[in-house]
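Below is one structure; the comments refer to it alone.
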There are 2 protein chains.
Amino acid sequence: MDSETPRVPRPGLPDATVARLAIYLGALNALHAEGATTISSGELAEAAGVNPAQLRKDLSHLGSYGTRGVGYDVAYLRFQLDQHIGSPEHWPVIIVGVGNLGRALVNHSGFSSRGFRVTALFDADPRLVGTQVEGHSIHALEDLESVLDDPAATIGVIATPPAAAQEVADRLVGAGVGCLLSFAAVGLRLPPSVTVRRVDLGSELQILAYHRQMSLADGITALVSDPHD
Amino acid sequence: MDSETPRVPRPGLPDATVARLAIYLGALNALHAEGATTISSGELAEAAGVNPAQLRKDLSHLGSYGTRGVGYDVAYLRFQLDQHIGSPEHWPVIIVGVGNLGRALVNHSGFSSRGFRVTALFDADPRLVGTQVEGHSIHALEDLESVLDDPAATIGVIATPPAAAQEVADRLVGAGVGCLLSFAAVGLRLPPSVTVRRVDLGSELQILAYHRQMSLADGITALVSDPHD
DNA sequence: TGCTGTGAACTACTTCACAGCC
DNA sequence: GGCTGTGAAGTAGTTCACAGCA
C-alpha cells in the first residue's frame, strides 16, 4: 500500500523559497514606502541579503513578473507576492503565555507592518486573566473555543515556559488551530496536518557561539602555522 | 588567483547539524534534570523532534559517544556536546535596543538555561540611558568600546527598529564584535568575517500562513474532487 | 537481540552561465 | 547593453539500510 502513495510532488513552492519570499515582500514594502517604482534583481537581492540568481529563481516559481533589461515594477511585484504568499489580514494571531516575550510580541512592529493582527491573549495565571495588555484582554486557556472566531485560519503563538508548551499545543490543536509558532525549546509531538515553526533563541546564540569559535580558532591557526601555504 | 582559493573544505560541522546539536543539548539538559542516565537515539530524536537516523548521523560527526545495543550516557553526551559546540559561559551577550523585545530578551529563560549571560544593555534614547532593567544598567551606544570587555567574544543582539539596524550593526562591528543576532527584518551589509543570524518574526508568520493556506486548499480540493482516486 | 555508526542513494537547494527579450 | 528567466551543474542535507559491536 505504500507503493501507491509515495508521490506527493509538492503542491506549491519549495520551503526555502517561501521563507525568502516573505523577506522580499518586507523589503519591497520598505522600498515602496521610500517611493521606489522599479528595481533590479541585483538591488532587491542586496536589500534582502541574498544572491541575485537566487532571487530570480525564487520569483520565477511564481511566474514572469519582471521586464528583461529593466527589472521589476515595485508595486506590481508587491501585489503579486501578496497574492501568492497569502494575505495576512485574513489570519488572526493569538498569543498564549503573556510573560515578557508574549508582551513583546503583542505589539511587535514586524507583525503589524506585515498586516497581521493579534486578536486574543491567553494565560494560565488566574491573576492575569481579565486584565489587559496594550488594549487586549487576557483570557483563560479554558475559554479558547468560545473566544476563537475561525480556528482553522488562526495562527497560535506559544510563548509559554517550555514545560507547558506541549499541553498548550495540544489544546490549541484540539480547538482546531492548525498553525503554530513556538518559542519553547522543546520538540512538539503533533499530528502531521498541523504546521509548526519553532524559534529557539537559546539555540540561535549557541549556533553563533559555535561559528565564532571556529573563525577565532581559524585565525589563531593562521597566525601559528607557516605563512607559506 | 581564484583558481587557487576555491577549496575551503568546511572547517567543522555542517551548519544544519550545528543548529540541531544545540537543540539536542537543550533536550539533554532537560532529561538530565529529570534524572535520566541513558537514552537511545530514538528517544532523544523524539524529544528533539527529528528523525533518529539524522540524530545518529549528527552525533557521528563528533565521534562515537554511544554504546551499541544500549544508547547514549546522558551526562557524558551532554559533556561532549558542550565541548564541541562551545561553552556559553565564555560568551557575554549584549542587547542593543531596550524596547519591548529587548526587555523580553534580558531575562529570557532560554538564554540563562543554556548558560549565556546578558552583560550590558544599550539604547539610543537618552531618557533610557542610566536607568536599569532587571538589574542591568542601560548605556549609550557611544560608550560601546568602554563598556565591552572582550569584544571578539561578545555576541551582539540587535533588537532595534529595522531602520536603525544597519547603523547599530556597523557600530558593533567597528567595536570588534564579530557575532550578531538581528531581529530586524532587513538584510545587513557586513564584512564576511562577521557571523550573523537573523530572526524575522513577521516572516515566520507569513511562512505559516502560506503553508496553512496550501493545506486548506488541498483539503478543499480533496473534498471537491472525485473521492475515488 | 538491540542499538549505534556509516557508506551509499536520494532529495532539496543553490549557483552558474547563457539564451531571450526589451 | 542590460537584465530577466531558466536549464544544467554543483553542493548540501536527509534518509535508508545494514554491518558491527555490546
Side-chain angles (χ1 to χ4, degrees), chain A residues 2-3 5-21 23-24 28 36-74 76-77 80-81 84 192 207 211, chain B residues 2-3 5-24 28 36-74 76-77 80-81 84 187 192 207 211:
Chain A
D2 65 345
S3 68
T5 40
R7 274 295 76 212
V8 182
R10 179 53 51 102
L13 306 165
D15 277 12
T17 294
V18 177
R20 282 187 303 265
L21 290 177
I23 294 169
Y24 304 154
L28 281 174
T37 58
T38 280
I39 194 164
S40 69
S41 64
E43 293 165 311
L44 183 52
E46 173 162 340
V50 305
N51 173 313
Q54 173 111 264
L55 180 136
R56 291 201 301 276
K57 173 74 89 184
D58 286 338
L59 295 183
S60 77
H61 285 115
L62 312 179
S64 292
Y65 299 127
T67 311
R68 291 166 197 238
V70 178
Y72 302 90
D73 180 90
V74 172
Y76 183 56
L77 185 56
Q80 288 297 345
L81 282 182
H84 285 274
I207 293 162
H211 282 299
Chain B
D2 66 343
S3 67
T5 41
R7 273 295 75 213
V8 183
R10 182 49 52 99
L13 305 165
D15 277 11
T17 294
V18 177
R20 284 187 302 265
L21 289 177
I23 295 169
Y24 305 153
L28 281 174
T37 58
T38 280
I39 195 166
S40 70
S41 65
E43 293 166 309
L44 183 52
E46 172 161 342
V50 304
N51 172 315
Q54 173 111 265
L55 181 136
R56 292 200 300 278
K57 173 76 90 185
D58 285 339
L59 294 183
S60 78
H61 286 115
L62 313 179
S64 293
Y65 300 127
T67 310
R68 288 167 199 240
V70 178
Y72 301 90
D73 180 89
V74 173
Y76 182 57
L77 184 57
Q80 289 296 345
L81 282 183
H84 285 273
I207 294 163
H211 282 299

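So you know, we letter chains A, B, ... as the sequences are listed, proteins then strands, and number each from 1. When reading the values below, keep in mind they use all heavy atoms of this one structure, side chains included, and skip hydrogens, waters and symmetry mates.
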*Quick one: which of dG5(D), dT15(D), dT4(C) gets closest to the side chain of Tyr72(A)?*
dG5(D)
*Between Gln54(B) and Asn51(B), is there a donor-acceptor pair closer than 3.5 Å when you use the side chain of the first and the backbone of the second?*
no
*asked:* To the nearest 0.5 Å, what is the distance between CG on Leu81(A) and CG on Leu21(A)?
replied: 6.0 Å
*asked:* Nearest whole Å is fine: how far is dA12(C) C1' from Asp58(A) CG?
replied: 13 Å
*Can you tell me which residue pairs pass the salt bridge (charged side-chain N to carboxylate O under 4.0 Å, His left out) test with a partner in residues 47-57 of chain A, sequence neighbours excluded?*
none
*asked:* Below 4.0 angstrom, which residues in residues 38-45 of chain A have at least one non-hydrogen atom near DNA chain D?
replied: Ser40(A), Ser41(A)
What nitrogen or oxygen pairs link the protein and nucleotides 16-22 of chain D at under 3.5 Å?
{"unit_1": "dG20(D)", "atom_1": "N3", "unit_2": "Arg68(B)", "atom_2": "NH1", "d": "3.1"}

*Report yes if a side-chain nitrogen or oxygen of Tyr65(B) is closer than 4.0 Å to either non-bridging phosphate oxygen (OP1 or OP2) of dC3(C); otherwise report no.*
no
*What are the two closest non-hydrogen atoms of Ala45(A) and Leu55(A), and how far apart are they?*
N-CD1, 3.7 Å
*What residues form a side chain to side chain donor-acceptor pair (under 3.5 Å) with Tyr76(B), not counting sequence neighbours?*
Gln80(B)
*asked:* Testing the basics here: between Thr38(A) and Val74(A), what is the closest heavy-atom pair and its distance to 0.1 Å?
replied: N-CG2, 3.7 Å
_Without decimals, in angstroms, what is the distance between Leu55(B) CG and dT6(C) P?_
14 Å
*Can you sort out the partners of Ala19(B) under side-chain contact (heavy atoms from CB on, under 4.5 Å), two or more places apart, ordered by chain and number?*
Ile207(A)
*asked:* Using whole Å, what does the distance between atom C1' of nucleotide dT6(D) and atom CG of Leu59(A) come to?
replied: 13 Å
_For atom CD of Gln54(B) and atom P of dA12(D), their distance in whole Å_ = 16 Å
*Quickly work out the Asp15(A) CG to dT11(C) C1' distance and round it to whole Å.*
13 Å
*Got a sec, which residues hit side chain to side chain donor-acceptor pair (under 3.5 Å) with Tyr24(B), two or more places apart in sequence or on another chain?*
Asp58(B)
_Gap separating the OG atom of Ser64(A) from the OH atom of Tyr72(A), nearest 0.5 angstrom_ = 8.5 Å
*What's the NE2-C1' distance between His61(B) and dT4(C), to the nearest Å?*
15 Å
*In whole Å, what is the span from the CG atom of Asp73(A) to the P atom of dT4(D)?*
13 Å
